[in-house]
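In what follows, a single structure is set out as structure tokens and then discussed.
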Amino acid sequence: DEYTFCKVLGAKNATAQLTAHWNSWVTEADIKRIAAMGLTHIRVPLGYWIFGDVAPFVRGIEQLDRVVDLAQKHGLKVLLDLHGAVGSQNGFDNSGRACDTKDPTKDCVIPCPPEPLWGKDASGDTINATLAVIAKVATRYKNNSAIWGFELVNEPRLIPMDVLQNFYMRGYQVIRQITGDAWKVVIHDGFYPLSWFNFMTPAQGYTDVILDTHIYEAFGQNTNFSYDTHLVEACGYTQNVDFMECNELPLIVGEWSMASTDCAPWLNGFGQPTTSSLCPQRPPSVASNTTFLKEYAKRQLSAFYRGHGFF
């Protein structure tokens, strides 16, 4: 995770390596190609440490400036996505620091915290600090016409519903106080996809609130499904999309994938093994399963178009 990377390398070396990575990972050519393909929006993740004021993380806000400016230059809209919240909202490495509830020292150069802390501290400090970051980012970009919206937190996991809903309502007020009605406010379903009925609706005084769900078939029992089963599952997404779009809030699919197994190296975390029994006969390469991938993409997108779009 980024915490361990920066801690082990130190600020100078971590900054040098991450800057080289950021500059090559997203280039102007990439943004131009996205626009040329007819895509209209990009979702850009950021961590609560982006301003460089939380050791051992290093500063990266100028990289976000760069990508937002490139999007504006080439006519793309940007969804800013708080991917890492104070204390980790899910324990995943993509939150900035991985947490292992079974063995807090397993495969970690720096001992991992035993569990994610966000929203679970009695003082409320983790949520208050997260809201302060949201306010700081919103203030920085409030006059930038490229910004389409702000996702208050990515994939909060095992957070009590009342805590999560309260955070979303407070986060909405932060965004509205700074940007007015200019931005969409995006909330992730928290892995409770069918539990957002009658929440933050226009009738309750909330405007432009969008619900985000993430759909993957590469984890858990799905990673051992046959190609045919994956195709059936993809068609079945329409049921959840229809329910959420019609009965909850306008829906986007903020993350999805054409991966059908976890066979790609380190997909489950650095140094972590795969769980799929299909890896020997189903290598993670496009050339080996092109026909399946085309049909799989078509069926997924057919379901996603029933909502308000996908990233």
Side-chain angles (χ1 to χ4, degrees), residues 1-7 11 14-15 18 43-65 68 78-101 104 108 110-142 147 149-179 183-192 200 209 212 254:
D1 56 37
E2 194 163 335
Y3 176 96
T4 306
F5 183 87
C6 295
K7 182 76 172 178
T15 298
L18 285 172
R43 181 172 178 259
V44 182
L46 60 121
Y48 72 92
W49 58 87
I50 194 168
F51 290 97
D53 52 359
V54 183
F57 295 106
V58 300
R59 184 177 174 91
I61 189 64
E62 288 78 17
Q63 289 291 330
L64 183 56
D65 290 342
V68 170
V78 177
L79 171 59
L80 298 173
D81 155 47
L82 188 66
H83 221 75
V86 179
S88 178
Q89 73 277 16
N90 53 31
F92 301 154
D93 53 6
N94 59 38
S95 73
R97 192 176 187 189
C99 306
D100 190 331
T101 56
C108 289
I110 305 299
C112 303
E115 64 178 26
L117 301 176
W118 186 84
K120 298 175 182 177
D121 53 325
S123 65
D125 288 348
T126 56
I127 283 182
N128 291 335
T130 299
L131 292 169
V133 173
I134 292 172
K136 193 172 182 178
V137 175
T139 299
R140 189 180 186 92
Y141 296 107
K142 64 180 180 180
I147 305 301
F150 195 106
E151 184 153 3
L152 298 175
V153 68
N154 174 70
E155 294 188 349
R157 180 172 174 264
L158 301 178
I159 307 299
M161 181 63 87
D162 61 328
V163 174
L164 187 57
Q165 290 186 338
N166 181 263
F167 166 73
Y168 283 158
M169 290 186 288
R170 293 176 66 191
Y172 174 91
Q173 295 300 332
V174 169
I175 294 296
R176 287 288 170 261
Q177 288 168 8
I178 295 171
T179 71
W183 294 5
K184 311 291 185 186
V185 176
V186 180
I187 62 173
H188 185 265
D189 63 18
F191 303 102
Y192 307 119
M200 294 182 73
V209 178
D212 176 22

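For the single chain, residues carry numbers from 1 onward in sequence order.
Considering only heavy atoms from C-beta on, V209 stays 4.5 Å or farther from Y168 through its side chain. Between T130 and F167 there is a side-chain heavy-atom pair separated by less than 4.5 Å. Side-chain contact between F150 and V185 is absent, with no heavy-atom pair separated by less than 4.5 Å. Contact check for N128 versus R170: side-chain heavy atoms found under the 4.5 Å cut-off.
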Please tabulate, for the side chains in residues 151-163, all donor-acceptor contacts under 3.5 angstrom to protein atoms that are two or more places apart in sequence or on a different chain.
{"from": "E151", "atom 1": "OE1", "to": "R43", "atom 2": "NE", "distance (Å)": "3.0"}
{"from": "E151", "atom 1": "OE1", "to": "R43", "atom 2": "NH2", "distance (Å)": "3.4"}
{"from": "N154", "atom 1": "OD1", "to": "R43", "atom 2": "NH2", "distance (Å)": "2.9"}
{"from": "N154", "atom 1": "ND2", "to": "H83", "atom 2": "NE2", "distance (Å)": "3.3"}
{"from": "E155", "atom 1": "OE2", "to": "H214", "atom 2": "ND1", "distance (Å)": "2.7"}

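A search for ring pair (Phe, Tyr, Trp, His ring centres under 6.0 Å) contacts involving F92 returns nothing, not counting sequence neighbours. Evaluation of the side-chain hydrogen bond (donor to acceptor under 3.5 Å, both in side chains) rule for T179 yields no partner, not counting sequence neighbours. Residues that satisfy the side chain to side chain contact (heavy atoms under 4.5 Å, CB included) test with V133, not counting sequence neighbours, are Y48, L82, V137. Every residue two or more places apart in sequence or in another chain that forms a side chain to side chain contact (heavy atoms under 4.5 Å, CB included) with T139 is listed here: I178.
C6 approaches L18 most closely through the heavy-atom pair SG-CD1, 4.0 Å.
Sorted by first then second residue, the side-chain hydrogen bond (donor to acceptor under 3.5 Å, both in side chains) pairs that include residues 55-65, not counting sequence neighbours, are N23-Q63, R59-E62, Q63-R66, D65-R140, D65-Y141.
Between F57 and Y3, the ring planes are perpendicular. Angles over 60° get that label, and only those under 30° would be called parallel.
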Verdict with supporting geometry, L80 and L64, side-chain contact (heavy atoms from CB on, under 4.5 Å): CA-CA 9 Å; L80 298 173; L64 183 56; 3.9 Å; yes

